[in-house]
Structure formats: C-alpha cells, structure tokens
Enquirer: 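Got a structure for you, questions after.
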2 protein chains.
Amino acid sequence: MAKQESLRADPCPMARTLYILGDRWSLLIIRDAFDGKRRFGDFQRSLGMAKNILAERLKLLVEEEILQMVPASDGSTYQEYALTRKGEELFPIIVAFRQWGESHMYRKGERHSVLVERATGKPVKRLELRAHDGSPLNHGDAFVKKLKA
Amino acid sequence: MAKQESLRADPCPMARTLYILGDRWSLLIIRDAFDGKRRFGDFQRSLGMAKNILAERLKLLVEEEILQMVPASDGSTYQEYALTRKGEELFPIIVAFRQWGESHMYRKGERHSVLVERATGKPVKRLELRAHDGSPLNHGDAFVKKLKA
DNA sequence: CAGTATCCCTCAAGATACTG
DNA sequence: CAGTATCTTGAGGGATACTG
C-alpha cells in the first residue's frame, strides 16, 4: 500500500498522473524499461532498491496498465515486464526529463549520457511544441481552459 | 531538509532532475506557476498543503534557480515567485504530463481541463519528437549512448 | 501576509529472511 | 530467480502556534 489517494481523483490531469509517477522510483523504473530492461532482477540491480519496494511499484505499474507481464523471451519459466502501449506513450515525459536534466543539471564540462537516434547516431533533437500554424509554442502562448464537470 | 541526496549526483540526467521534481508537490507548484500564480498564499490555497512544506519546496526551487524572488507586482512590500528561464524550460515536462494524463487517466466521457492555444483557442497539439529527417521519432528509434566520465 | 518554529505521525523505503 | 513476509527506520508531510 502507499501513494496519496487524494491525487488519484484530482480534476487536474497532471495531479492524477503524479498519483502514479510522483515519487522517486517510478520514472526510473520506466526509464529502465525504455532502456530494454524487462526482468525483476534487472530493475533491482540497476536501481539498487529494496525488493519489496520494487515489487510494490511494479504491481502498481501493472495495475495501471503501464507495464504488462509477458512470458520470458528466453525459454525460462519466469515472467517479464513489458511496456504496454500506454506505457510507451510515456516516452515524451522521459525525454522531457532527460533533456531538461542534460541542459540544466550538469556543470560545464561535466559529461553525461546522451539520447541518440538509432538510425543516424545523432543526438535526439529537442522536444518542441508547435502551434497549429507551425510556429513554436511557448509557455505564454497556451493556457488551461477549465471545463465544468 | 529532505530529499534524497543520492539522486543529486547520479550520472543519469533523469535521476538528477528527480532530485528536484521527484515528489508529489514540486510539479504541481510549477504547474501553478505556469498558471500565473506568484504569491505564497496563492500556492498555499491552490494546493492545500502545509505552509512549512510549501516553504521548504519553494526554497529548494529558488536554490535550484527554477523560481526567483521578485518584488511584488502590485505595490505591496512582499516578494513574489517568478519562473526563471530555467524554470520556463520545464514547460515540455508539464505539457507531457498533462497530455498523458488527459489521454489515459480519465474514464470515457469524464471531462477534464484542456490546454489551449491563446491565439487560436484550439487545443494544444501533441508533443512530438521528430528525427533529423523530419519523421516521427518513436521510443524504439532512440537509445541512450553512455559517455565515459 | 508570508513565512518560521515545533511537534507529531504516517508511510515510503530499507534490510533481511524466507518460499515456490 | 522472483518474489513475499516481517520488522525497522527515517524522512516527508501535516497541524498549529508564533513572528516581523
């Protein structure tokens, strides 16, 4: 058990999403999933977190249909955790975090990993939001429209 | 006090970012900031969180130069919290969360708020990642390239 | 109004042992 | 190997009183 239930029913989409992802581990698990990890032990060794906590998080992520359990790709009897379509759609969140971190969380000269295009080997371009007319959409150019329940 | 120091020096940009944003409140504060809120009391009433916790979070966000304190826009003696450039660049993260939440955290028919373009009034388009050749970049098309320290 | 100072408590997280 | 079960700890968070 865990996780602040009040967020779950919040009217704001961000708050609801934070019910699942608003902690120190979930996004790192998902990062690892995008990185190709699928086995309980892979996550556990990669993240160095306690097994019961990992199990709890994985359970929530499966319940929320971000991960699904599938038969192991090798012949073994175990299950693996694979991203669902819903989980794959978290990719922009992961990339947004990565890119912001790359830009702002390193001292000059300090090296870090980079996300590159598989096809070209070039660093991935910045996530950009474009308006309907094709121009860049900045934060001042959008606002939240409240809808009545 | 608070916040897991180990993440702060992690080699992964995502992990470092989670040192600041990986909790249930920080991103909601920033969402409110994008929504135009600037005063301590605004945040406090909007989020309904304890004042000491809010003060703690605001302090970290100022230390990390995501918010800065500026003189109040009205004549009052108080300070306000404004997004820095670094803070404004969190916009894609906020939008990515919002859009994913809108797509996946509501039952069919359940209404929610929408982000619209100020100029056109149309809903903001999906954040998309494009490759250097202009084609859509999906999660399988990119990978993390490790750099040696 | 915008915080700070205390006190308290829950729960997220860790450690470890155990099981199919 | 992939978890579950237990126990413990500490930090994240809440409530409230106080201050410039």
Side-chain angles (χ1 to χ4, degrees), chain A residues 1-8 10 15 18-30 32-33 36-64 67-82, chain B residues 1-8 10 15 18-30 32-33 36-64 67-82:
Chain A
M1 230 42 38
K3 292 269 187 180
Q4 190 139 305
E5 289 293 332
S6 63
L7 289 175
R8 191 169 210 163
D10 195 284
L18 287 173
Y19 166 72
I20 308 176
L21 303 179
D23 71 284
R24 287 199 298 289
W25 289 120
S26 301
L27 280 169
L28 293 174
I29 293 171
I30 292 165
D32 276 2
K37 295 190 176 55
R38 297 168 65 93
R39 297 281 286 258
F40 188 94
D42 294 337
F43 293 113
Q44 210 257 322
R45 274 184 302 279
S46 163
L47 298 169
M49 65 192 292
K51 293 164 74 171
N52 52 343
I53 304 300
L54 175 58
E56 196 177 271
R57 284 289 169 277
L58 287 173
K59 192 178 168 199
L60 178 62
L61 292 172
V62 168
E63 278 169 14
E64 296 291 339
L67 298 176
Q68 58 186 330
M69 307 208 61
V70 299
S73 44
D74 59 359
S76 74
T77 58
Y78 301 110
Q79 298 280 104
E80 297 185 347
Y81 295 90
Chain B
M1 231 41 44
K3 291 273 187 182
Q4 189 140 307
E5 290 292 332
S6 63
L7 288 175
R8 191 169 211 164
D10 195 285
L18 288 172
Y19 166 72
I20 308 176
L21 303 179
D23 72 284
R24 288 199 297 290
W25 291 120
S26 301
L27 281 168
L28 293 174
I29 293 172
I30 292 165
D32 276 2
K37 295 190 174 57
R38 296 167 67 92
R39 297 281 285 259
F40 188 93
D42 294 336
F43 292 113
Q44 210 257 321
R45 274 184 303 279
S46 164
L47 298 170
M49 63 192 293
K51 293 163 74 171
N52 53 345
I53 305 299
L54 175 58
E56 195 178 90
R57 284 292 170 276
L58 287 173
K59 192 178 169 200
L60 177 62
L61 292 172
V62 169
E63 280 169 13
E64 297 291 339
L67 297 176
Q68 60 186 329
M69 308 206 61
V70 299
S73 45
D74 60 358
S76 75
T77 56
Y78 301 110
Q79 299 279 103
E80 297 186 346
Y81 295 88

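Chain letters run A, B, ... following the sequence lines, proteins first and then strands; every chain starts at 1.
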Enquirer: Side-chain contact test, heavy atoms from C-beta onward, threshold under 4.5 Å: evaluate it for A:Q68 versus A:Y81 and give yes or no.
Expert: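 They are not in side-chain contact.
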
Enquirer: Who is the Watson-Crick or G-U wobble partner of C:dT16, with both distances under 3.5 Å?
Expert: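 Partner of C:dT16: D:dA5.
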
Enquirer: For a quick check of understanding: with a heavy-atom distance under 4.0 Å over all strands, which category does A:F43 fall into, base, sugar-phosphate or nothing?
Expert: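 A:F43: no heavy atom of the nucleic acid under 4.0 Å.
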
Enquirer: Expressed as a whole number of angstroms, how long is the span from A:K59:NZ to D:dT4:C1'?
Expert: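 In whole Å, D:dT4 C1' lies 11 Å from A:K59 NZ.
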
Enquirer: Can you tell me if B:R57 touches the phosphate of D:dG13, counting only side-chain N or O atoms and a distance under 4.0 Å to OP1 or OP2?
Expert: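 For D:dG13, OP1 or OP2 has a side-chain N or O of B:R57 closer than 4.0 Å.
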
Enquirer: Please compare A:R24 and A:R39 by the position of their nearest nucleotide in DNA chain D and report the one closer to 5'.
Expert: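 So the residue in question is A:R39.
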
Enquirer: Would a 4.5 Å heavy-atom cut-off, applied to side chains only, mark A:Y19 and A:E64 as touching?
Expert: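 Yes - at least one pair of side-chain heavy atoms lies under 4.5 Å apart.
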
Enquirer: Nearest of D:dG13, C:dA13, D:dA2 to any side-chain atom of B:I53?
Expert: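 Nearest to the side-chain atoms of B:I53, counting from C-beta on, is D:dG13.
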
Enquirer: Quick one: are A:D10 and A:L18 in side-chain contact, heavy atoms under 4.5 Å?
Expert: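 Contact flag for A:D10/A:L18 side chains = no.
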
Enquirer: Do the side-chain N or O atoms of B:Y78 get closer than 4.0 angstrom to the phosphate oxygens (OP1, OP2) of D:dG20?
Expert: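 No, B:Y78 has no side-chain N/O under 4.0 Å of OP1/OP2 on D:dG20.
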
Enquirer: Would you indicate which nucleotide in C:dA2, C:dA13, D:dG14 comes nearest to any side-chain atom of B:M49?
Expert: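 The nucleotide sitting nearest to the side chain is D:dG14.
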
Enquirer: Given D:dG14, C:dG14, D:dG13, identify the nucleotide with an atom nearest to the side chain of B:A50.
Expert: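 Minimum distance to the B:A50 side chain belongs to D:dG14.
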
Enquirer: Using heavy-atom distances to pick each residue's nearest nucleotide on DNA chain D, tell me which of B:D23 and A:G41 is more 5'.
Expert: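 Taking each residue's closest nucleotide, the earlier one in sequence belongs to A:G41.
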
Enquirer: Answer yes or no: is there a side-chain heavy-atom contact under 4.5 Å between A:L47 and A:I29?
Expert: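 Heavy-atom side-chain distance check passes, below 4.5 Å.
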
Enquirer: Rounding to a whole Å, what distance do you find between A:L7:CG and D:dG12:C1'?
Expert: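 Distance check: A:L7 CG to D:dG12 C1' gives 14 Å.
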
Enquirer: Please pick, from D:dT4, D:dG12, C:dA5, the nucleotide with the shortest atom-to-atom distance to any side-chain atom of B:N52.
Expert: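 Closest nucleotide to the B:N52 side chain: C:dA5.
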
Enquirer: Using whole Å, report how far CG of A:L54 lies from P of C:dT16.
Expert: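 Atom CG in A:L54 sits about 17 Å away from atom P in C:dT16.
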
